[in-house]
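Structure record follows, encoded as structure tokens.
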Amino acid sequence: MTAYRLVAWGEAPRFEDVPVPRPGPGDVLLRMAAVGLCHTDLHFLAAGPGTFPYELPFTLGHENVGRVEDLGAGVDDLAAGEAVAVAGVHSCGRCTTCLRGFDNYCPQGWRGRGYGDDGGLAEFLVVPRREVVPLGPLDPCRAAPLTDAGATSYHVVRKVLPKLVPGSTCVVIGVGGLGGYAVQHLRLLTPARVVAVDVDEGRRETAKALGAHEALPSDAGTAARVRELTDGAGAEAVLDFVGTDATARTALASARAVGAVALVGAGGGTAPVRWGGVPLECDVFVPMGATIADLHEVVALARAGALRMDVEVFPFGRAGEAYERFRAGEVRTRAVVAVDA
Ligand SMILES: [Zn+2]
Ligand SMILES: [Zn+2]
């Protein structure tokens, strides 16, 4: 089969011919339909040797949707041709982290499909049954970004739900891919007022169309404006999907006492955690990815027609161009490769 693979660090990925994988016991063989491209992929493409702990080559693609082609021994609850979404993070299902419901932090999840192991930019992919979620009639291309962008933002929103009581405010910094989903999840799950913050006016407009009550430019005055909007108190929750020095500092300065700040974006920024630097009894946490249960819930929202899922679709043969345009900032929504096109 044809697969789009990272073959050498620092070199462009290329199409290669590789064997079709076979499903073991408990696995499902998928005929791939759609793969969402993610900023993490761009980090792989730009990385030199030694940056990531992965051996090459591997097939790219971790936002995967496929159709059931074959079932491994012991799997009896999926129909041939059924479309399924694949969890973005691989997990063992047996360790205490998985058993406590945090399979996105499984110690075995440091490598998985599309990051160290073969991912979905190929004609076929093998996945454990436990890690796939039936999509029903959802369009595979529009559903692919739910597996990471949609579910990761959902995981963060779920975590801050207890803070977002009636009358509360949630600030979302960076309302591109993940943040745009976060705005939608907040409106669907909470009574909070949602304040979108972004440097880009177009993304601020989109955030308002997605349900944000307010949209503010991202600059040195953002935190002061959040305080004005909240009678000086600050926001109950601040979700930073950018993660630079500037946004992390804005996040801490925008939160209120007993609030919560999530540093989601892997921008490598820092902010001082000290007396006077963090609102009193404010939770600060660094989440990553989503659980399989999160993906089930996000797919349920999408199947109910509650989510807007904008994508730009590229055929499989133009995967390289899709990454190129994504990296150049030319894709306004989510870039998705239709593997079966
Ligand atoms: Zn990703
Ligand atoms: Zn585990």
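Whatever order the structure lists ligands and atoms in, that order sets their numbers, starting from 1. Note that these values count all heavy atoms, side chains included, but never hydrogens, waters or copies made by symmetry.
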Donor-acceptor under 3.5 Å (His296 side chain, Pro134 main chain): no
The single option from Pro287, Cys98, Cys95 passing side-chain contact (heavy atoms from CB on, under 4.5 Å) against Tyr105: Pro287
N, O or S atom of His39 closer to the Zn ion (ligand 1) than 2.8 Å: no
Angle in degrees, rounded to 10°, that SG of Cys98 and SG of Cys92 form at the Zn ion (ligand 2): 120°
Check: Gly26 main-chain N/O paired with Arg130 side-chain donor or acceptor under 3.5 Å: no
Under 3.5 Å side-chain donor-acceptor pair for His90 and Asp117: no
Shortest-distance N, O or S atom of Asp148 relative to the Zn ion (ligand 1): OD2
